[in-house]
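To start, the structure itself, in C-alpha cells.
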Amino acid sequence: MKTLMLGNEAVARGLYEAGCGFISSYPGTPSTEITECAAKYDELYAEWAPNEKVALEAAFGASLSGKRSFCAMKHVGLNVAADPLFTISYTGVNAGLVIGVADDAGMHSSQNEQDSRHYARASKLPMLEPSDSAEAYEFAKLAYELSEQYDTAVLIKMCTRVSHSQSVVETGERVVPERKKYEKNPGKYIMMPANAKKQHPVVEARTRTLTAWAETAEINRVEPGQDSSLGIITSSTSYQYVKEAFGDTYPVLKLGMIWPLPEQKIKSFAASVQKLVVVEELDGFIETHCKNLGLSVSGKELFPNIGELSQNLVKEKLGGKVQSGPSLEEAIPGRPPVMCAGCPHRSIFYVLKKMKLTVLGDIGCYTLGAVPPLNAIDTTICMGASVSGLHGFVKSGEEESAGKTVAVIGDSTFIHSGVTGLINIAYNESNSTVIILDNSITGMTGHQQNPTTGYNLKGDPCTKIDLESLCHAVGIKRVRVVDPYDMEACETALREELAAAEPSVIISRRPCALLKYVKHPGPICADPEKCKGCKACMNIGCPAISMENGKVKIDATLCVGCGVCRQLCKFGAL
C-alpha cells in the first residue's frame, strides 16, 4: 500500500516490518516521532528510557537476548550514548541492533550543530543515510540485514528535513525472523582488556568487508547526467537539493551508506567527469574522504559548514540560474520563541531576575527564561550541566557566590542527567541551591512521559519517581515544594534556602499549561480605567498581555488565568 509518511514515521514502519521487538529511546527533536510511531504497533515493545546511554544499553541487552532492537536519539543524545556505542562496536551483536540518530543542521531545536557522521567513523560502525521517507523505510529494514550479516550495530542518520518531511512509502507486511538463541561467549561480550585486544582486529576486518560491500551496494548509486563537465557526490537531504536544482543535467553519485564509504566507486565516478564537487551539509566528511583518495575535489570552499543548504544555494554555487522572489525572512514576520501563556516557569524566572541571582540553566523549554524580557539565565550547556556547574561555581568562589547562585533544571532533565550532579553536591558538600522545575511532563519535545509522571510511553500507569524522596536519598536534607504561581512564596523559599548553610533543593511544581487534563480558571479581565500604563505586567513577557493606547490589554484567546500578572499590578487593573 502506498501512503504519505513522515521520515520518522517511515523508519518506524521499517522497524515494524523488519520484526523489531524492542525499542528504547529518549525523546529529542528531530528523532522523537520514530519511537512514538513505533509504539502504536502492539507487536513492538517501546519505552522511554531516562537517558540515551540507558536506552542504548537496554537495546543492546535486548539484542543479546535474541530480539531485534532499536534505539533513537538526537545528535547530542549520541554524545550521552557514546560510552556504550564504542564498546558495542567491539562486541558486535546477537540479534540485529539499529541505532537511529537525527541531526539538526540549522539548530532549529538544539544547542549545537554537530555532525554525527564523525561518530560512525570514530566508533567504526556502519551508517546509512536516507534522503526521503521511502529510503528511511527501506534503510531501516536493510540495517537489520547488515547488522546480523556483519555482526555489528548499524547507525541510521536522519536529519530535520528528512525526519519531518513527507513522501510516498509503499509498505509491506511484518516478517519476524526466528529468535536468535543467546549463548555464553566471554571472549565476545566481556570487554576486559585481554578480550578487547582480540576484538579490535575483528572490527578493522569488518570495516574492510563493509567497504567492499559499499562498492556494489544498490544504495550507493550513480545517476547519469547529460553534461559530464561536472560530477556531484552527495547524500541525504543535500541530494534532494541537487536534484531539484539540476535534475539530470549532471551525473550524480548518490551515497546511501555514508560510512564506510566506497573507494573504487568514487574513483571511477571521478574519472568519468571533468570536475568533481561534493554537496553536503555541515562538515566536509565525504570531501575529506575523496581527498584522502588523492582526488581533486571541491566542496567546502563552495558550500558553508554552518547551517542548512537549499536549492537556490546549490544553484548559485554551481552556476545554475537562481530563482528570484521574496525570501522567507522578507515574507514572514519574525516570531521568536516564547514561553506559553500560563507557563509555570515564567514566574520563577521573574523572581530570579528580581533577586539578581546568577542562574545556571539547562536543556528544556525553560531555557526560554534566558530571552527578554526575563533575561534570567546565565548559562546553558547540556543536559544536567546546570547542577554540576553550580557545584563547581559555588565551590570555586564561595564568598562571592554564596547565596547568589542557583541552578534550574526540568523534571525530565533532572532524571536524565541531573541526579548525579546533585549527588556530587551532597557528597562534596557545596552550599548549592537547585531548583527543579517540575511541570509533570517532558515539555520541549512534545509532551512525552518520563519516570516522574507515573505513566509510561503507552500511557499506562507505572512506577512514579518521587522527587522529594530521591533528593533526600542522595543526601539533601533541605527539600521543599513551591507553587510557581505564588511568587511571594517562591521568593521566600529562595531567600531562606540561599541563606541556609547546607545544600538544598526547591521543587517548583505545577503541570505544564498545555497538558490536556489541566483545567484553567479562564482569562483575566483588564480594567483600562484602573490601568496607569506602568507596564509592570509586561515584565513577565506573557504573550497574552499587550498594551493598547497606553493601557493593558489581555488576549482572552491566550490567557489561561494563572494570575501571575495580577500579582504585579499595584492598581487592581487585572
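By convention here, the first residue in the shown sequence is residue 1. These numbers come from the heavy atoms of this one structure, side chains and all, not from hydrogens, waters or symmetry mates.
- Between S131 atom OG and K254 atom NZ the span is 3.5 Å, to the nearest 0.5 Å.
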Evaluate the criterion side chain to side chain contact (heavy atoms under 4.5 Å, CB included) for residue pair I409 and Y366; output intermediate values, then yes/no.
CA-CA 8 Å; I409 187 168; Y366 51 87; 4.1 Å; yes
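- Looking only at side-chain heavy atoms (C-beta outward), W48 and N450 stay at 4.5 Å or farther from each other.
- For S163 (side chain) and M158 (main-chain N/O), no donor-acceptor pair under 3.5 Å exists by modelled atom type.
- Between G361 and S386, the closest heavy-atom pair is O-CB, 3.1 Å.
- Residues I233 and V297 have side chains not in contact (no heavy-atom distance under 4.5 Å, counting atoms from C-beta outward).
- Between the side chain of E287 and the main chain of K300, a donor-acceptor pair closer than 3.5 Å is present.
- Taking CZ of F60 as the reference point, atom OG1 of T91 lies at 4.0 Å (rounded to 0.5 Å).
- Environment of CD in E178: sparse, with no more than 12 heavy atoms of neighbouring residues, nucleotides or ligands closer than 6.0 Å.
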Side chain to side chain contact (heavy atoms under 4.5 Å, CB included) between V277 and K317, worked out:
CA-CA 11 Å; V277 173; K317 298 300 182 181; over 6 Å; no
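- By the 4.5 Å heavy-atom criterion applied to side chains, M127 and R121 are not counted as neighbours.
- Environment of NZ in K265: crowded, with over 12 heavy atoms of neighbouring residues, nucleotides or ligands closer than 6.0 Å.
- For the residue pair L514 and C340, the shortest heavy atom distance occurs at CD1-SG, 3.7 Å.
- The structure places CG of L85 at 6.0 Å from CG of L56, a figure rounded to the nearest 0.5 Å.
- One side chain, N112 or H75, offers a donor N or O that lies under 3.5 Å from an acceptor on the other.
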Any chance you could lay out the side chain to side chain contact (heavy atoms under 4.5 Å, CB included) test for K157 and D115, step after step, and finish with the verdict?
CA-CA 10 Å; K157 177 184 170 293; D115 189 330; 4.2 Å; yes
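- Side chain of S133 to backbone of M5: a donor-acceptor contact under 3.5 angstrom is found.
- In this structure the side chain of Q240 never reaches within 4.5 angstrom of the side chain of Q311, judged on heavy atoms.
- Separating the CD1 atom in I266 from the CG atom in L295 is a distance of 7.5 Å, to the nearest 0.5 Å.
- Here the side chain of E280 pairs a donor or acceptor atom with the backbone of I286 at under 3.5 angstrom.
- Contact annotation: the side chain of I441 never approaches that of Q448 to less than 4.5 Å [non-hydrogen atoms, C-beta and beyond].
- Judged purely by distance below 3.5 Å, without hydrogens or angles, the side chains of D227 and S229 pair a donor atom with an acceptor atom.
- Of the possible donor and acceptor atoms, one in the side chain of E17 sits under 3.5 Å from a partner among the backbone N and O of G172.
- In this structure, K141 contributes its side chain and A18 its backbone to no donor-acceptor pair below 3.5 Å.
- At distances below 3.5 Å, not a single donor-acceptor pair connects side-chain atoms of Y250 with backbone N or O atoms of G247.
- There is no side-chain donor-acceptor pair under 3.5 Å between S147 and R68.
- In this structure a side-chain-to-backbone donor-acceptor pair under 3.5 Å is missing from T211 to P260.
- The environment of NZ in K315 is crowded: more than 12 heavy-atom neighbours from other residues, nucleotides or ligands sit within 6.0 Å.
- Side-chain contact of S412 with Y26: a donor-acceptor pair under 3.5 Å is present, judged by distance alone.
- Crowding of K40 atom NZ: a count of heavy atoms from other residues, nucleotides or ligands under 6.0 Å not exceeding 12.
- From Y119, atom OH reaches atom CG of D103 across 11.0 Å, with rounding to the nearest 0.5 Å.
- For the pair F246 and V314, the tightest heavy-atom approach, listed with the atom from each and the gap, is CE1-CG1, 3.8 Å.
- Nearest heavy-atom pair, A341 versus R346, reported as atom, atom and distance to 0.1 Å: CA-NH1, 4.1 Å.
- For the residue pair Y239 and K243, no side-chain donor N or O sits within less than 3.5 Å of a side-chain acceptor on the partner.
- Side-chain contact between E263 and E215 is present, with at least one heavy-atom pair separated by less than 4.5 Å.
- Inter-residue side-chain proximity for W213 and M257 is flagged as met; some heavy-atom pair is nearer than 4.5 Å.
- Here the side chain of N305 pairs no donor or acceptor atom with the backbone of D283 at under 3.5 angstrom.
- Atom-to-atom distance recorded for T171:OG1 and R13:CZ is 4.5 Å, nearest 0.5 angstrom.
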Just do the side chain to side chain contact (heavy atoms under 4.5 Å, CB included) check on V176 and E43 with the steps written out, would you?
CA-CA 10 Å; V176 181; E43 300 92 332; over 6 Å; no
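- In this model, a donor atom of one side chain and an acceptor atom of the other lie less than 3.5 Å apart for Q226 and D248.
- Checked for salt-bridge contact, R161 and E308 meet the test: a charged N lies under 4.0 Å from a carboxylate O.
- Annotation for Y455: atom OH does not count as buried by contact number, only 12 or fewer foreign heavy atoms lying within 6.0 Å.
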Checking R208 against E204 for the salt bridge (charged side-chain N to carboxylate O under 4.0 Å, His left out) test, could you report, in this order, the C-alpha distance in whole Å, the side-chain angles of both residues, the deciding distance, and whether it holds?
CA-CA 6 Å; R208 290 191 293 270; E204 299 299 340; 5.4 Å; no
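- Of the possible polar contacts, none joining the T152 side chain to the V93 backbone as a donor-acceptor pair under 3.5 Å is found.
- Inspection of the Q166 and E9 side chains reveals no N or O donor paired with an N or O acceptor under 3.5 Å.
- The two residues L253 and F269 make their nearest non-hydrogen contact at N-CZ, 3.6 Å.
- Between Y90 and H200, the ring planes lie parallel to each other; the angle is under 30°, not in the 30° to 60° tilted range.
- The shortest side-chain heavy-atom distance between H164 and N8 falls under the 4.5 Å cut-off.
- D104 and S110 share a side-chain donor-acceptor pair at under 3.5 Å.
- Scanning all heavy atoms of the two residues, the minimum distance from I156 to F139 falls at CD1-O, 3.9 Å.
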